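Note that the structure is predicted; figures quoted are calculated from it, not measured.
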Amino acid sequence: MRATLKRALPLIAVLLVASILAACSSSTTTTSGSSSSSNSSSSSGGLKKGLKVFVIPKNLGNNYFTTADSAKTGGAIAALQALGETGTETSGTAATPASQIPAIQAAIAKGANVLIVSATDPTALCPTLKSAMARGITVITYDSDAPTCRDLFINQASTAQIGTSEVDLLAKEIHSTGDISIVSAAATATNQNAWIGYMKSEMAKYPNMKLVSTVYGNDDPPTATQVTEGLLEKYPNLKGIISPTTVGILAAAQVVSTPKWKGKVIVTGLGTPDEMKTYVANGVAPAFILWNPANLGYLAGYAAVYTASKKITGAAGQTFTAGKLGKYTIGADNTVLLGPPTVFNSSNVNSFNF
C-alpha cells in the first residue's frame, strides 16, 4: 500500500499543478455574458476585453454629442461594441466644468478603465483627469482638448482650417464687407478659443470686414438665443454672424430668420445638416461647415481601446486601423485628425442625415 502510494505521488502532483494552471487561465463570466476581468484578458488581436469605458461629452441633451456618442448613430459606443466592449455615456446637463467634473469623478468611482472626454475647460478638469491617469485609467479627449492631462486627443480637423474656413465662407457671402460678430460656446472651451484665434488672424485678409464682438451662449439654446438677440440690437448694421458651435449656429439662424433680420444678416459656422437644412433653404445660412460627429466619436472609441490595450502609446508616427474608417497616423502632440471639414450648402446638404 505504501509502495503504491509512493509511486502515485508524482502523478498526483502533476495532475494537481495542471489543474491549478487551468484554473488560473480560465476567466469568469460577467453578467453581460462577456468573459474576463476588466483589465487583464485580451482578444485574439491583443486588445483588452471587458473594459469599463465612459464617454463624457461636454453636456447631455446636445444633439451634436448624441450623434457623436451613441450606438444608434454609429458613434463612440458603436465602435466600442464593434470591439466587443461596452460603453456608457454620462455627463452633466450644462457645458461647464462644474457640471462635467462630478460625472468624471463618478465614472472613476465606478471603476472606469477608460475615459473619453470632450473637455469643457483646458485646465479645470486636469486635477480630476490626472488623478484618473495616476490610477492607470486611460484618458482620451475628443472634440475639445485638455492637452496636459490626457493620453491622446482625437481632433475633428485641422484647428487652423476650421477657424479660417468659417471666416472665408462668411466673407464670400457678404462680399468681404461689413461688421461681423461671433457667437461662441463657453468662454473657456479649448476648441472654441483656438478656432476664434485663427478667425481673428484670417480677418487680416479682409480689411473691409470688422469683428465687433464675441459673445458666449454656453451651448445652451436659450442663452445662445438671448446673446444673439442682444448682438443684433446693439449692432443694428451687423452683416454676419459666425458661430463655431452647433447649438449657437442653430440659435442664431432661428433669430435671424425672423422678419426683422432676415435678408440683412448672414449666419455661418459649425452646424449639423439636419438642423440647418431649413436655414440653407431660406438663405439665412447659405453655407456652413462640419465633419461627421459620429465618425469623430467612432474614431475616439477605437483609439481609446487601442491605447488602453497598449497597442499605441500616442507617439507621433504610430498607426492604427479604426474599423470602417480605415488607417490613421498619430501626429504631433499625441493628436489624431479625423480629416478635413466638409462645406455644406444647397448643393449637398440634403444628401446628409445627421
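Using a 4.5 Å heavy-atom threshold, the side chains of I180 and V212 count as separate. L270 is not listed as a side-chain neighbour of Y64, based on a closest heavy-atom distance of 4.5 Å or more. V167 places a side-chain heavy atom less than 4.5 Å from the side chain of I242. Within the 4.5 Å cutoff, no side-chain heavy atoms of K52 are placed close to those of V114. A heavy-atom distance below 4.5 Å is not found between the side chains of K239 and V265. Using a 4.5 Å heavy-atom threshold, the side chains of L231 and S213 count as touching. Counting heavy atoms from C-beta outward, N113 and R135 have side chains that stay 4.5 Å or more apart. No side-chain heavy atom of I56 sits less than 4.5 Å from a side-chain heavy atom of S118.
In summary, the side chains of T313 and Q318 do present a donor paired with an acceptor at a separation below 3.5 Å, with no hydrogens or angles considered. Side-chain N/O atoms of D179 and S181 include no donor and acceptor closer than 3.5 Å. Donor-acceptor pairing under 3.5 Å is recorded for the side chains of Y142 and D69. Between the side chains of Q226 and T223, no donor N or O sits under 3.5 Å from an acceptor N or O.
Heavy-atom minimum distance, P244 versus W195: O-CZ3, 3.4 Å. The shortest heavy-atom contact between A76 and V55 is CB-CG2, 4.2 Å. Closest heavy-atom contact between G87 and I77: O-CD1, 3.9 Å. What you find for L60 and T90 is that their closest heavy atoms are CD2-C, 4.2 Å. When all heavy atoms are compared, the tightest approach of G301 to A79 is CA-CB, 4.1 Å. Across V343 and N348, no two heavy atoms sit closer than the pair O-ND2, 2.9 Å.
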(message) Under the criterion side chain to side chain contact (heavy atoms under 4.5 Å, CB included), I'd like the reasoning laid out for L232 against V256: C-alpha separation, chi angles, the key distance, then a yes or no.
(response) CA-CA 9 Å; L232 294 170; V256 173; 4.3 Å; yes
(request) Apply the test side chain to side chain contact (heavy atoms under 4.5 Å, CB included) to residues W291 and I162: give CA-CA distance (whole Å), side-chain angles for both, the deciding distance (0.1 Å), then the verdict. (result) CA-CA 10 Å; W291 44 91; I162 292 171; 3.7 Å; yes
(request) Using the side chain to side chain donor-acceptor pair (under 3.5 Å) rule, take N282 and S257 through it: C-alpha gap first, then chi angles, then the decisive distance, then the call. (result) CA-CA 8 Å; N282 73 6; S257 291; 3.2 Å; yes
(request) Would you check, one step at a time, whether the test side chain to side chain contact (heavy atoms under 4.5 Å, CB included) holds for L325 with Y298? (result) CA-CA 8 Å; L325 299 181; Y298 193 90; 3.8 Å; yes
(request) Take M199 and T164, measure what side chain to side chain contact (heavy atoms under 4.5 Å, CB included) needs, and give me the verdict at the end. (result) CA-CA 5 Å; M199 288 181 204; T164 58; over 6 Å; no
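In terms of modelled atom types and a separation under 3.5 Å, the side chain of Q100 and the main chain of T120 share a donor-acceptor contact. Looking at N155, its side chain does come within 3.5 Å of a backbone N or O of A157 through a donor-acceptor pair. At distances below 3.5 Å, at least one donor-acceptor pair connects side-chain atoms of Q192 with backbone N or O atoms of A185. Formation of a donor-acceptor pair under 3.5 Å by the T246 side chain with backbone atoms of G271 is not found in this model. With hydrogens and angles disregarded, a donor-acceptor distance shorter than 3.5 Å links the side chain of S309 to the backbone of K48. Remark: the backbone N or O of F54 is not paired with any side-chain donor or acceptor of E89 at under 3.5 angstrom. T225 places a side-chain N or O within 3.5 Å of a backbone atom of P221 that can act as its donor or acceptor partner. Using a distance-only test at 3.5 Å, with no hydrogens or angles considered, a donor-acceptor pair links the side chain of T258 to the main chain of V255. In this structure a side-chain-to-backbone donor-acceptor pair under 3.5 Å is present from T268 to A287. The closest donor-acceptor contact from the side chain of S70 to the backbone of T73 lies under 3.5 Å.
Atom OG1 of T307 is separated from atom CD1 of I140 by 4.0 Å, given to the nearest 0.5 angstrom. Separating the CD1 atom in I196 from the OG atom in S201 is a distance of 12.0 Å, to the nearest 0.5 Å. Between atom CG of residue D219 and atom OG1 of residue T96 there is a gap of 11.0 Å, rounded to the nearest 0.5 Å. Taking CD1 of I266 as the start and CG of L169 as the end, the distance is 11.5 Å to the nearest 0.5 Å. Put simply, OH on Y306 and CD1 on I312 are 8.5 Å apart, with the number rounded to the nearest 0.5 Å. Put simply, OG1 on T188 and CG on N193 are 7.5 Å apart, with the number rounded to the nearest 0.5 Å.
Residues L250 and L290 are members of one and the same hydrophobic cluster, defined by side-chain heavy-atom contacts under 4.5 angstrom among Ile, Leu, Val, Met, Phe, Trp and Tyr. L337 and L299 fall into different hydrophobic clusters, where Ile, Leu, Val, Met, Phe, Trp and Tyr residues are linked whenever their side-chain heavy atoms come under 4.5 Å apart, directly or through other members. Tracing side-chain contacts under 4.5 Å through hydrophobic residues (I, L, V, M, F, W, Y), one reaches F65 starting from L80; they form part of the same cluster. Both L51 and I154 belong to a single network of hydrophobic side chains, linked directly or stepwise wherever heavy atoms of I, L, V, M, F, W or Y lie under 4.5 Å apart. When hydrophobic clusters are built by joining Ile, Leu, Val, Met, Phe, Trp and Tyr residues whose side-chain heavy atoms come closer than 4.5 Å, directly or via intermediates, V247 is not grouped with Y216.
For residues 319-343, no residue pair satisfies the side chain to side chain donor-acceptor pair (under 3.5 Å) rule, not counting sequence neighbours. Pairs passing the salt bridge (Lys or Arg N to Asp or Glu O under 4.0 Å) check and including a residue from residues 142-171, sequence neighbours excluded, read K58-D143, D145-R150, D168-K205.
Residues K260 and E233 are paired through a salt bridge, judged by an N-O separation under 4.0 Å between the basic side chain and the carboxylate.
The aromatic ring centroids of Y302 and F320 lie 6.0 Å or more from each other.
Atom OH of Y198 has 12 or fewer neighbouring heavy atoms from other residues, nucleotides or ligands inside a 6.0 Å radius.
For the pairing with L129, the side-chain contact (heavy atoms from CB on, under 4.5 Å) check across I104, I137, I108, T148 returns one residue only, I104.
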